[in-house]
Novice: 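Let me begin by handing over the structure; questions about it come next.
Values in this document were obtained by computation on a predicted structure and should not be read as measured data. Naming convention: chains lettered A, B, ... in sequence-line order (proteins, then strands); numbering from 1 in each chain.
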Amino acid sequence: MRGVPGYVWTDSPLHRLPAAAKLVGLVVCAALVVLASSPLELLAAAAGVAALVAVSRVGWRAAARAAWGLRWFLLMVLALNALLFSDVDPLFSLGPAHLTSSGLAQGVRIVVRTLLVVVLGTLLTATTRPQELVAGVRRLLRPLGRLGLPIEAAALAVGVTVQFVPTLLRESRQLMRAQEIRCGNVATRGIMRRAVSYIRLLVPMFVSAVRRADELSVAMEARGYRLSSPRGSAGGGERRKRS
Amino acid sequence: MGERIVEARDVRHAYVPGRPDLRGVSLDVAPGELVAIVGENGSGKTTLARHLNALIPLQAGELLVAGLDAADPDVLWELRRACGMVFQNPENQFVSSVVGEDVAFGPLNFGMSEKDARAAASAALGAVGLAGFERRDVHALSGGQQQRVALAGVLASGPRVIVLDEATSMIDPQGRDDLVRAVLRARAERGATVIWITHDMELAARADRVFVMRAGEVAAAGAPEDVLVDEGLLASAGLEPPMAARAWHELVRLGAASGPAPVTVEGLVSSLCA
């Protein structure tokens, strides 16, 4: 699936690390990346992420795939920041837009931070199988279970969300293609008409996601899933057989 | 009929009060039998199938599956283990993107240890012709392979009854044939009872018995050779006979053939060569 790298079957220290530790590590690393602001700090963060990619043995291409999928969005973020962040000492002006060095620096900062966080997230899913991820979330949330929070449901929701993403992405691409066939290529239109076209896709996407979620919940029930009993333990009432 | 693994007596159900979807369905299925339930959309096939797995609570009537009362909430999970279900869209059945983990989902829910669940998953994948697929990404498989993974997910829990709810309707002919072979193999090797909900009359023709659903009722039941050749009955249920029976009826109209209509291509060939 383009843009959504799955698990990469290889052996590495990152693969062997418990999922809960990787989840905590992701939060800590993402916080450090977000806090990095000077070029030196960003460079150090990028070097750290690159080292993690090397250690993970998932390959540079797999690690960068999700980030590459965001290239147009990130370019837009860079352009908006470069042109709208400040109007002091502009390098170039066009109406309300002013290209400034401070705006450019801010844009680069945000883009680099986003890229690094996306690569970190990719590393998590590339080195952690969905069920390990579910187990990791369950383990991290366990203390909250004492407060009555539905830990099992939350953990499974994470796993199911991860595995549903490729399906929903493919479906959104199919809907976009269907729209192009009937209404022409939306990419060639003005920005407002393009925005309206994308908004129109939200309704069928939402309906489809709800339908899929409903079908999945039925299939899970049929396969014995229940919230009230821990998995892997014998359950069910005493067999009542009738002739 | 002697021993029964499914016994339904006057099963009634309405999603909306006053608009019944099942109007008193009664049917019996023997252990090891291959049964097809056919009917047009909205005839109540899926509603009936979901009763068999206790996915829909019984509103009225009596339903026993593998000796377990579908109306008894205390045996709900045992019933679901005894009666596995494969649905129409394979992609909407997966809880994990890794084949082995998805197949082990059911056994783990039914209380198997992780080691046993993994072993059961591997055995079930072997049974459906997907040995060694444990580490594959389900999204990278063909529709037919995905549906066989879904079947393996059911087989891994060791059900006595397998219900397939239009399981071939979203896959290509090759995938359909592979799935049919896998189901027939599971039936032969494990002695499982198979209940196939389908629109596919060629598939229904291979069953031991066929039930025709019409407007929430069983309109007819019997051997495929008796039920699937009745053009009037099938037309009233929004169906048409299998290709072999249609061809035979045309030959009879042209005066080129006589006698009972065959329902399979093999039957047609032997009737023509006789």
Novice: Quick check: under 4.5 Å, non-hydrogen atoms only, which of residues 210-223 of chain A neighbour chain B?
Specialist: R211(A), R212(A), E215(A), L216(A), V218(A), A219(A), M220(A), E221(A), A222(A), R223(A)
Novice: Please list all pairs meeting salt bridge (Lys or Arg N to Asp or Glu O under 4.0 Å) that have one or both residues in residues 15-26 of chain A, counting only residues at least two apart or in different chains.
Specialist: D11(A)-R16(A)
Novice: Show the nearest heavy-atom pair for residues V98(B) and W9(A), with the distance to one decimal.
Specialist: CG1-CZ2, 3.6 Å
Novice: Quick check on F87(B) against chain A: is it the side chain, the backbone, both or neither that has a heavy atom closer than 4.5 Å?
Specialist: side chain
Novice: Under a 4.5 Å heavy-atom cut-off, does chain A meet the side chain of S96(B), its backbone, both or neither?
Specialist: both
Novice: Looking only at heavy atoms and a cut-off of under 4.5 Å, which of Q93(B), E114(B), R135(B) has the most pairs with chain A?
Specialist: R135(B)
Novice: Could you check which of V138(B), D102(B), N89(B) has the highest count of heavy-atom pairs closer than 4.5 Å to chain A?
Specialist: D102(B)
Novice: Can you confirm whether more than 12 heavy atoms, excluding those of Y15(B), are under 6.0 Å from its OH atom?
Specialist: yes
Novice: Within this structure, what is the OH-CZ distance for the pair Y225(A) and F110(B), rounded to the nearest 0.5 Å?
Specialist: 13.5 Å
